[in-house]
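Quick notes on the structure that follows.
Lettering of chains follows the sequences in order, A, B, ..., and the numbering in each one begins at 1.
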Number of protein chains: 2
Amino acid sequence: MGHGVQGRDRPAARLDADAATHVATTLQALATPSRLLILTELRNGPRPVTELADAVGMEQSAVSHQLRLLRNLGLVTGTRTGRNIVYNLYDNHVAQLLDEAIYHSEHLRLGLTDRPDTAG
Amino acid sequence: MGHGVQGRDRPAARLDADAATHVATTLQALATPSRLLILTELRNGPRPVTELADAVGMEQSAVSHQLRLLRNLGLVTGTRTGRNIVYNLYDNHVAQLLDEAIYHSEHLRLGLTDRPDTAG
DNA sequence: GGAATAAATGAAGAGGTCTTCATGCGTTCC
DNA sequence: GGAACGCATGAAGACCTCTTCATTTATTCC
């Protein structure tokens, strides 16, 4: 029941306007260099804010603002541990979405064509 | 050599600032309802502009603007066929990125937790 | 309690995005 | 050649986003 040459075995996408809005919002959470850096840092494990800020080279305030956005969208969680608030990716869907996004983006960058159906 | 519980077998993401900018740009191309609708329509096959506009309920001009952006980023191609210019997804990476993005976003929406490592 | 550390927050401003409107360019058909 | 069709394009405006600065809240240690 696979698509064979199409590659992986995800169902083909079907979107109504509402779903599109939601997906767009989620993707927009990944669509900024600062947040991508934050998320990939979290991909390596839980991190307190200051450590995140240090790792990605941003000010603490800026990181907090972005973390709030990611929290509100349910992509990360923050739990207090002493003075620190340790952030973490919410679940595997976030981690995988991140990995796939980077994987495919980098392949698009390289111009590795893998055309589906030239229809010409 | 798999990650086992981590799910699929993509390598864990590693990004420097430059790569992050590129990935962010690519993701931003997907991070809008209008473009998601356009791309998912193209997921079903090649389409001329007017047909796209009709399918997604946008004005022709707006669709053309978005198609230019997608073209410039290498996500779609457009080839003239008579009076029409038929657009198509560039390759399988685009199709898969789209599918995965929708798949994971919708699962995040449903709140299907699949937590990796709660870390305390 | 008071100082120090960690993080969140609000306001404000620079810059970007998306749509609409008006128009221009290329193609087909008669 | 001229009209109609299909698409691209530029300008303009409303709106959103991201960062910085200043301040506030929560926690620990003495």
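- Judged by distance alone, the side chain of B:R35 and the main-chain N or O of B:A29 form a donor-acceptor pair under 3.5 Å.
- When atom types are taken as modelled, the side chain of B:R80 and the backbone of B:G82 share a donor-acceptor pair closer than 3.5 angstrom.
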Quick one: side chains of residues 51-65 of chain B, donor-acceptor pairs under 3.5 Å with protein atoms, not counting sequence neighbours, listed by atom name and distance.
from  : atom 1 : to    : atom 2 : distance (Å)
B:Q60 : NE2    : B:S64 : OG     : 3.1
B:H65 : ND1    : B:R68 : NH2    : 3.4

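- In this entry the distance linking CD of A:E51 with C1' of C:dT5 reads 15 Å, nearest Å.
- In this structure B:A101 satisfies the side chain to side chain contact (heavy atoms under 4.5 Å, CB included) test together with A:L27, A:L97, sequence neighbours excluded.
- For residues 31-42 of chain A, proximity to DNA chain C is found at no residue, defined as any non-hydrogen atom under 4.0 angstrom from a strand atom.
- For residues 21-34 of chain B, the set of pairs meeting the side chain to side chain donor-acceptor pair (under 3.5 Å) definition, not counting sequence neighbours, is empty.
- The side chain to side chain contact (heavy atoms under 4.5 Å, CB included) search around B:D16 returns B:D18, B:A19, not counting sequence neighbours.
- Five base pairs at each end of the helix from C:dG1-D:dC30 to C:dC30-D:dG1 define two local axes, and these are offset by 30° (rounded to 10°).
- First and last contacting nucleotides of DNA chain D toward chain B (any atom under 4.0 angstrom from a heavy atom, 5' to 3' order): D:dA4 to D:dA11.
- Contact annotation: A:N84 does not reach the phosphate of C:dT5 (side-chain N/O to OP1 or OP2, under 4.0 Å).
- Within the 4.0 Å cut-off from OP1 or OP2 of C:dA8, at least one side-chain nitrogen or oxygen of A:Y87 is found.
- For DNA chain D, the neighbouring residues in residues 59-68 of chain A, judged by any heavy atom under 4.0 Å, are A:E59, A:S61, A:A62, A:H65, A:Q66.
- A:N84 meets the side-chain hydrogen bond (donor to acceptor under 3.5 Å, both in side chains) test with no other residue; sequence neighbours excluded.
- A straight line from CZ of B:R83 to P of C:dT27 spans 12 Å, rounded to a whole angstrom.
- One interatomic measurement links the two molecules: CZ of A:R80 to C1' of C:dA6, which rounds to 7 Å at whole-angstrom precision.
- For B:R71, the side-chain hydrogen bond (donor to acceptor under 3.5 Å, both in side chains) partners are B:Y87, not counting sequence neighbours.
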